[in-house]
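Scroll down for the structure; my scribbles are underneath it.
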Amino acid sequence: MRIIETNSPEETYELGKKLGEEAHAGDVWTLDGDLGVGKTVFTQGFAAGIGVTEPVSSPTFTIVQEYHDGRIPLYHFDVYRIEDPDEMEEIGYDDYFFGDGVCLIEWADQVREILPEHLHRVTIEKNLEKGFDYRKITISEEE
């Protein structure tokens with residue numbers, strides 16, 4: 001487990017970018033944290049690290065957004081509105097999870113039971129006592 005502290009959106013972006021540069025086809029990354037902690041900023045950096053050049057935003061109403069202009073495809077999920085993991089069946093989630101790209105899943109606890117055994121978990125937390133832009137980012141591997 002790694003814990004990284006950032007003190008600006010730019011630092012959070014750069015951390016995401018570094019991890020995106022290290023990402024491989026078949027990786028599944030989960031991204032958890034309260035509203036407004038910087039998940040989208042992290043994701044934008046992660047996408048840049050993969051080489052995505054198109055604008056990246058949270059796919060809140062589409063469940064998954066696909067980006068194919070990087071060195072490998074990026075499948076960005078936002079499952080906040082999923083009430084039953086069976087809803088993921090409708091979009092063919094296993095083709096994404098076990099496909100040729102990288103999956104980044106926001107609010108992954110909503111679909112915990114269908115996640116693959118091996119994944120990278122990123123949790124972003126605020127601590128206002130350490131400053132408005134302070135973030136504690138925990139990165140762990142699950143096998």
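In this text the structure is predicted, and so the values were computed from the model without any measurement.
Checking side-chain atoms of R81 against main-chain N and O of I63 turns up no donor-acceptor pair under 3.5 Å. Using a distance-only test at 3.5 Å, with no hydrogens or angles considered, a donor-acceptor pair links the side chain of D32 to the main chain of A108. A donor-acceptor pair under 3.5 Å is formed between the side chain of Q44 and the backbone N or O of V56. Side chain of S8 to main chain of E11: a donor-acceptor pair is present (N/O by atom type, distance under 3.5 Å, no hydrogens or angles). Although no hydrogens or angles enter the test, the distance criterion places no donor-acceptor pair under 3.5 Å between the side chain of K39 and the main chain of L31.
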Exercise for the section: Let me see the working for Y134 and E5 under side chain to side chain donor-acceptor pair (under 3.5 Å), right down to the final yes or no. Expected result: CA-CA 7 Å; Y134 170 87; E5 297 176 308; 2.5 Å; yes
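Using bins of under 30°, 30° to 60° and over 60° for the plane-to-plane angle, the ring pair F97/F77 lands in the perpendicular bin.
Heavy-atom neighbours of K126 NZ from other residues, nucleotides or ligands within 6.0 Å: above the threshold of 12. The neighbour count for E141 CD, taken as heavy atoms of other residues, nucleotides or ligands under 6.0 Å away, is above 12. Open room surrounds CD on E117; 12 or fewer heavy atoms of other groups in view lie less than 6.0 Å from it. Environment of CD in E129: sparse, with no more than 12 heavy atoms of neighbouring residues, nucleotides or ligands closer than 6.0 Å. No more than 12 heavy atoms of other residues, nucleotides or ligands lie within 6.0 Å of CG in D34, so this atom counts as exposed by the packing criterion.
Once rounded to the nearest 0.5 Å, the distance linking CD1 of I82 with CD of E90 reads 8.0 Å. Here Y67 contributes atom OH and I50 contributes atom CD1; the two are 11.0 Å apart, rounded to the nearest 0.5 Å.
Judged purely by distance below 3.5 Å, without hydrogens or angles, the side chains of E106 and Y80 never pair a donor atom with an acceptor atom.
The two residues V37 and I124 have their closest heavy-atom pair at O-CG2, 3.6 Å.
Of the residues listed (D84, I105, V79), the one engaging Q110 in a side-chain contact (heavy atoms from CB on, under 4.5 Å) is V79, and it is the only one.
Of the charged side-chain nitrogens involved, at least one lies within less than 4.0 Å of a carboxylate oxygen, so that E22 and K18 count as a salt-bridged pair.
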